[in-house]
Structure formats: C-alpha cells, structure tokens
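Some notes on the structure that comes next.
Here is how names work: the chains are called A, B, and so on, in the same order as the sequence lines, proteins then strands, and each is numbered from 1.
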Protein chains: 2
Amino acid sequence: MNRMPVAERREQLVEAALAVASRDGIEAATVRAVAAEAGVSLGVVHYCFQDKDELLRAMAHAITERNTVQGLDQIPRGLPVAEVLELAIDALWASISSTRGSQLLSYELTTSSLRHPELNQVAIEQYRGQWAAAEYVLDVVGKAAGVTWALPSEELSRIVVAVVDGYSLGWLVDGNADLALRGLRGLGGYLATLAVPIENGAPGSGAPMDDDAVAPQSDESPA
Amino acid sequence: MNRMPVAERREQLVEAALAVASRDGIEAATVRAVAAEAGVSLGVVHYCFQDKDELLRAMAHAITERNTVQGLDQIPRGLPVAEVLELAIDALWASISSTRGSQLLSYELTTSSLRHPELNQVAIEQYRGQWAAAEYVLDVVGKAAGVTWALPSEELSRIVVAVVDGYSLGWLVDGNADLALRGLRGLGGYLATLAVPIENGAPGSGAPMDDDAVAPQSDESPA
DNA sequence: CAGTGACTTGGGCGGTTGTCCAAGTCAAGT
DNA sequence: ACTTGACTTGGACAACCGCCCAAGTCACTG
C-alpha cells in the first residue's frame, strides 16, 4: 500500500469504517472488515488507533459532524413562515431519505453508546449536535420569515428533533417515504402556528397567531 | 435441573433472554448467557430452539406483546378531552420511564431487525403493534371524552408513535425524564386541538376547535 | 550514499461465539 | 421391572473476534 502520514491514514480508515457500517451495520464494522475496505493490512488499523473503540468514536464523530444542515443560506427572505418551513423540511427530508444506511447507523451508534461505557459520550454528542442544529435552523427560518417563536428555542428544538427522529425510525421500518414526509410537513404546519411576527417595521409575514402555547414536538435530523 | 416440557422450557428461556438483554444489551444475550441466566446447561437452548435467531425472534415477540397498554379501562367518562389525554399520557410515560432497559432493548431490536434478514419481520411487527395500540388508545380516549378526531386515525396514531419514540430516545440519551414528560404533555395539548365534540346529546366536553388540519406527530410507546 | 525512523506486513495469540453430539438421566407406559 | 423416549449434560468443534509483534519496506535527512 501507498505510504501515508498517520493523520491522513486515520481519515481514510474512518471513511472506510463509515462505508462498511453504513452498508452492513455497526456489528459488521470489525477491524478486519475496515482494513479490507480501506485496502490496507490488519496491523495498520492498530497502528493508527489504539483501540477499536477509538476508531468507532472517530467514526461517530465524523458522522455527527456531517449532519450539519446545508443549503440554508439560500432561503429567500420575506416569504410566509409556513412556506419557509416547508422548504426547510423538504430539504431536510431529502437529505435524510437519500442516506438510509447512515440514518440506520446513527441509531445503532446511539444504542451502542448507551450500552457500552467506552462509547459513553457518543450518544450525548450526537443529540447535543442535533438539538443545536435544530435551534440554528429555527433561528435562520425565523429571521428569513421575520418571526420569532412562541416557545423557548430549546423546547422547540427538542420538539423538532423528537418528531424527525420518530418519523425517520418509522420510515426505516416501513419504507414509506411519502407518509413520513407528509408527517413532517404537518410538523411544519404546527410550528407555523407558533410563529409570532416581529412588530418591527421589517417586512415580515407568515402565519401570525395566537400562542395557546401547548407545545412539545421537535427535532433536527440525524443525517 | 428440573425436567420440564419443551413449551414451558421455551417460555423460561425467553424470559431469561429478556432479562439478560434488557439488563446488558442485545449483544450480551448470547446462548451461553441465556442458559446461565435460566440455570440450564448450554445444550438445552438448542434443544428448545433451532437457532439463536429463533430464540431472539421469540424474545422480540414477547416484548412486543407485553407493550399492550394497561389501565385504560379505569379512565373516567365525561372529563374534558385535554384532561383525559393528560391522564393517558402520564400513565404511558410512567410505564415507559420505569422500564429503561426494555425501552433501550426495543430500539436495539428494531435496528438489528433492519440489518439482519433472519430478524426481518421483527421491526415491522413491533411498529404495527404500536400503531395499532395508539389507534386503540385514541379511540378509547375519544369515547371517554365524547369526541372524535379531525384527522384519520392512522395518521394520528403515526403522530403519537413518532413523538413518543422521539422523546423516549431523547430521554434514554440525556436522562431528563421531566423534560420528556413535559414534551409529551405538549403532544397531548396538540391532540386536544384536534378533538371534535360529538354533536350527539351525550355530555362530551374538552377543547372544541378548528382543525387547520396540518398534522403529523404521534407514537405509541415501545414499552 | 548510508542510516534512521516512520510506516507496513502477515501471522500468531488467547478468548468468545454458535452449533453440534455422544452419552447420561429420569418419568411414564407396559 | 424393564423398556422407551423425552429431556439434560458438558465437552468439542470451527470460525471469528480484538490485539500484538518481529520483521520488512520505503522516504527522507545528513
């Protein structure tokens, strides 16, 4: 094999682990399988990572980092909240539904983390990332539509993450993408009822609305 | 060991498998560990089950069947829909939050099922059971409060299952039961806005309400 | 051009897994 | 009392796992 500095080799191995685990499941991501996927011999993995667990943690970190939301910068301003939300949700679902293996791997990583002390931090990092991402998206959407939200953004992001998680799981099980997307659009409709227009002279818009502030739902995608 | 007919022995082994897997995770439920938990020798397991997979399927079937909702028969009639929903949700959450290991095992079973062809039917059976249970609960609640729902019950049950799943996962990760319960009560508040009183002379009640029928959320617990 | 050290190799180690089986034990029927 | 067959036992097997290491290879520096 081509010689390569450790740092670069590590990235390659993480990539290989991600490929194997997304395709065949986290249990299939053995040291041997990762080495074979990367086209290197067995010893290389333990030369670059102290443990198999360290490799798995690096892989989890990579897949979590990759879940950053994309394409939010091109959301047009001045649209009604409901429409902005629909755009955001459609984009989110497109990115989720096109990466089934990664989605499934994310849930496998979460449950594995909750069982094995060596992966202790993985799950909480995953969800901290998702809650923060949801909060950020809600902030961007709110600014694009000129509204604020009737609920604290931590609660709202929890709602978004929970609902997206729930529908993603359901979709993984039954394979019905349309049903899931319709459900998520419903979440968008619910969120729209929580939008409060900014009194400021700015050209806001969207669903005005009372808050009878009931609340919870929410989640940001684990893609 | 005491002699025992196969059928009875099978039940005992399923119980042992459930104990091991709930406590230590699905990976820890090896044939040896299950035999030890049941206090029988190794060969007994393969005498009662053809495969390890057959044992796992039987275990999954048992845990899914056990998720039937309880205590619904003692819901008082004539209460406002919002209060009935809160009662139901509090009971549901009490049963979820008191069985952390089983909840986690349910998610492990789902992901395992989605990866291994031998467990193919497990996940879909789990969710069919949960969607049906949610539908049943919504029906009971509706009758107790004298209302019907503004959305088709299949969609509503999907919402319930998705939201409960999402919040359960979040709770498994961060351990914050209060936050999850508050979130689920919010789901109850949302559902209340979808309740339509029955015109019939019956003493219904609860939040009346327009349906702007957006929709989805929902889930029934995997306990 | 020689030497040094980072990187790679492939096999071996002990442990665990699912599966199998020859032999043993015990309750029930004749 | 003896036979039969359901049930149990404990060890063996091959396959796989994570981990380790002595030896080899190559790029680079002096």
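- Taking the side chain of B:Tyr47 as heavy atoms from C-beta on, and the options D:dG10, D:dG18, D:dA6, the nearest nucleotide is D:dA6.
- Along DNA chain D, the nucleotide nearest to B:Gly43 and the one nearest to A:Lys52 differ in position, and the one closer to the 5' end is contacted by B:Gly43.
- A sub-4.0 Å separation between OP1 or OP2 of C:dC20 and a side-chain N or O of B:His46 is absent.
- In this structure, A:Arg100 and A:Leu172 approach most closely via the heavy-atom pair NH1-O, 3.0 Å.
- Among the nucleotides C:dT9, D:dC7, D:dC26, the one closest to the side chain of A:Arg3 is D:dC26.
- Nearest-nucleotide assignment on DNA chain C puts the 5′-proximal partner with A:Val44, out of A:Arg32 and A:Val44.
- Judged by distance alone, with hydrogens and angles left aside, the side-chain atoms of A:Ser113 form no donor-acceptor pair with the main-chain N or O of A:Leu109 at under 3.5 Å.
- When each of C:dC7, D:dC17, C:dG11 is scored by its nearest atom to the side-chain atoms of A:Leu42, the top-ranked nucleotide is C:dG11.
- Protein atom CD of A:Glu27 is 18 Å distant from nucleotide atom P of C:dT16, rounded to whole Å.
- Across the protein-nucleic acid pair, A:Asn2 atom CG and D:dC26 atom C1' stand 11 Å apart, rounded to whole Å.
- Using a 4.5 Å heavy-atom cutoff, the side chains of A:Arg115 and B:Glu27 are not in contact.
- When heavy atoms are screened at a 4.0 angstrom cut-off, A:Val31 is found touching the sugar-phosphate backbone but no base atom.
- Side-chain atoms of A:Thr30 lie closest to D:dG18 of the nucleotides D:dT9, D:dG18, C:dT19.
- For the 3.5 Å distance criterion, the side chains of B:Tyr167 and A:Asp165 fail to qualify, holding no donor opposite an acceptor.
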